[in-house]
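Note sheet for the following structure.
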Amino acid sequence: MTLPDINRLFPTVERCRELLQRLRWPEGVTCPRCKDRRISTLKDYGRFECSICEYQFTVTSGTIFHDSHLPLTIWFLAVLLLVEARKGMSANQLRRTLWGQHKGSYKTAWYLFHRIRKAMSTAERGMLYGTVEMDETYVGGKQKGMGHGWRKNNQRKKEVVIGIRQRSGELRFFHAEDAKSGTLAKYIQENIATDVDVIYTDDLPAYPKAVADRTHDTVTHSAGEYVRGDVHTNTVESAFSLLKRGIVGSWHKVSAKHLPAYLAEMEFRFNRRKREDLFLDTLRHMITADPMTFENLIHEPDPDFDKVSA
Ligand SMILES: [Zn+2]
């Protein structure tokens, strides 16, 4: 999907609604309240009425789009821009692209992107198997007024990101409390199949206990060894470098509070980077996500937003 495609296929709110209707109700319009399919379409375009419970609704009722004053055409453009930005895009860039240099609101742009990210975070995550690489990295940590005096080991100021990647398969990113063996074990149990062929990690002492019964091999980074035949963690590290370029180049400042949302965005896009239906799949997640997902999502940047930078 390209910008010219969007302009051609979805030039009006009505055309956007038609697509969302197909994605939300592939089996036909269904009452969100009583789930019946005996529905009449009202003259007022876009409204339906349930013949059983008389509930009136639109395709966006009870979804992420419901309480938004933004036209669906703007939502569609924001989705395309976000899914096609390999290294992410800042809310300020979105604002300039949609509304112009000195127009539009940063808060509105930020709100749009965060809602899309929240929908991405609802994507299903199956277990990883075959050959799996696992690694940890640290992001953030430079606080205002702290200069460059921080140290790598000062975890209080650095956020831990765990990366797990199946070779020729999917990627998982997690914002973790720490990189201790109990924490690593939890992510391994939740994401790596018990009959995985092998897990490759570096020689962090926490791994042998964390992997437990799963087959495990390490490269000894501490001794300068990075590749030993098939044993390496290069593919998960390449995903980390994409993440860090995103934080440094596009998002500029990511607070610890919002880090999971950015990780979900990176993971979602990375796992679908070769798929033709990336744009449609994102919209499908947005129109079908449980509205509870969005209930606690604040509508504007929080005061902590610029406290941690990459
Ligand atoms: Zn009904």
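Please read all numbers here as calculations on a predicted model, not as lab measurements. Order of listing sets the numbers, starting from 1, for every ligand and every atom in it.
- Between F65 and W75, the ring planes are perpendicular. Angles over 60° get that label, and only those under 30° would be called parallel.
- A distance of 12.0 Å separates CE in M120 from NE2 in H114, rounded to the nearest 0.5 Å.
- Around atom CZ of R245, more than 12 heavy atoms belonging to other residues, nucleotides or ligands sit under 6.0 Å away.
- Judged by distance alone, the side chain of E136 and the main-chain N or O of A179 form no donor-acceptor pair under 3.5 Å.
- Looking at T41, L42, T58, T30 one by one, the single match for side-chain contact (heavy atoms from CB on, under 4.5 Å) with F48 turns out to be T41.
- The cluster map of Ile, Leu, Val, Met, Phe, Trp and Tyr, joined by side-chain heavy atoms under 4.5 Å apart, puts L23 and M1 in the same cluster.
- Below the 2.8 Å limit, the Zn ion (ligand 1) has as protein N, O or S neighbours C31 SG, C34 SG, C50 SG, C53 SG.
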